There are 2 protein chains.
Amino acid sequence: MPLKMRRNLSPKPPEPCMLTECMQVIAGAWAPNVIWSLRAGRRRFSELKADIPPVSSKVLSARLSELEERGVLSRHVRPTSPPSVEYELTELGQELIPALEAIVQVGHKLKLMRAHELDSEAAE
Amino acid sequence: MPLKMRRNLSPKPPEPCMLTECMQVIAGAWAPNVIWSLRAGRRRFSELKADIPPVSSKVLSARLSELEERGVLSRHVRPTSPPSVEYELTELGQELIPALEAIVQVGHKLKLMRAHELDSEAAE
DNA sequence: CAGGATCCACACAGATACTG
DNA sequence: CAGTATCTGTGTGGATCCTG
């Protein structure tokens, strides 16, 4: 499930829209899901991977790096015998949660609307 | 500026994450920008194209169709001599505005943080 | 366990040209 | 003006394999 989980960057030019630039923060496949999974608190790499089954290690790793670099989340390495790394949203990262929640809400409502429309059609 | 303005779909599989599904609503290159441009009210095709310079007619058209189909915006054709079409956010579409604003805010803050960090480094 | 390296496919945006 | 059709390039994610 990736073919369309692309980012929202802009390679070369004038970048007239600030929004585009800001959208980069959550750009990249699965990035929103990562943030979503971290809502409740810090999680380990494997936990995140389990939360988002279809994501591959490579991509998850890449996304985590980007999000860390962008200041959305922080990485904590714990010196245990089997390596253990935890990720956590930064304060700024937490500000993204309401945004994602709003999107989910709208998505939900639209879904309900569609279901309702289908019902109406079926009734005829 | 498009190479990375891809959508956030998911082609085939199990789709375990509701978020992913909801994100589709604003999926596709420039989709957020379109919604952003329509914040203030209805706009015509050419106005939208002017608002978002780097977008091509083809892509803008595609995005508008998708957003309409998804119930985020509505299309009004006006029977004038030169064809004139206006687009407008639906009620649900308007609910996405706060979400985008939140993202922009975070993007902004992160930008400021970065600038600050660079200053600190430069000072040394 | 956490994640880096490779190789590959393909969906998507761009450019251009055309229509009513 | 508002779009559509076609062709092409490319970034990005998936799968797999491998390591400390």
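All chains are named by letter (A, B, ...) in the order of the sequence lines, taking the proteins before the strands, and each is independently numbered beginning at 1. Keep in mind it's a predicted model, so treat the numbers as computed, not measured.
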Check your understanding: Which whole-number value in Å describes the distance from A:K49 NZ to D:dG13 P?
Key -> 15 Å
**Study point:** Under-4.0 Å side-chain N/O to phosphate OP1/OP2 contact, B:R63 with C:dA13
**Key:** yes
Practice item. Could you check how far CG of B:L60 sits from C1' of D:dG3, rounded to whole Å? Key: 10 Å
Practice item. Mark yes or no for a side-chain to base donor-acceptor pair under 3.5 Å between A:K58 and C:dG3, with no hydrogen or angle criteria applied. Key: no
Review point. Within less than 4.0 Å of OP1 or OP2 of C:dA13, is there a side-chain N or O belonging to B:S56?
Key: no
Review point. Could you give the CG-to-P distance, from B:N33 to C:dA13, as a whole number of Å?
Key: 12 Å
Check your understanding: Does a sphere of radius 6.0 Å around NE2 in A:H76 hold more than 12 heavy atoms from other residues, nucleotides or ligands, not counting ones at 6.0 Å or beyond?
Key -> yes
**Study point:** Below 4.0 Å: OP1/OP2 of D:dA2 and any side-chain N or O of B:R44
**Key:** yes
Review point. B:I52 has an atom CD1; how far is it from atom P of D:dA2, in whole Å?
Key: 14 Å
Practice item. State, with a plain yes or no, whether a side-chain heavy atom of A:V106 is found less than 4.5 Å away from one of B:I26. Key: no
**Study point:** Under-4.0 Å side-chain N/O to phosphate OP1/OP2 contact, A:S46 with C:dA2
**Key:** yes
Check your understanding: What's the CD-P distance between A:E86 and C:dG3, to the nearest Å?
Key -> 12 Å
Review point. Taking CZ from A:R43 and P from C:dA2, how many angstroms apart are they, rounded to a whole number?
Key: 12 Å
Practice item. Report the residue (A:P83 or A:V59) whose heavy-atom-nearest nucleotide on DNA chain D is the more 5′ of the two. Key: A:V59
Check your understanding: Can we say A:E66 and A:R63 salt-bridge, meaning some charged N sits less than 4.0 Å from an Asp/Glu carboxylate O?
Key -> yes
Check your understanding: If only side-chain N and O atoms of B:S61 are considered, is one of them under 4.0 Å from the OP1 or OP2 phosphate oxygen of D:dT4?
Key -> yes
Revision key, fill the gap. Here the distance between atom P of C:dG3 and atom CD of A:E66, to the nearest Å, is 14 Å
Check your understanding: Does B:R75 have a side-chain nitrogen or oxygen under 4.0 Å from the phosphate oxygens OP1 or OP2 of D:dA2?
Key -> no
**Study point:** Rounded distance (Å) that lies between atom P of D:dG20 and atom CZ of A:R78
**Key:** 24 Å
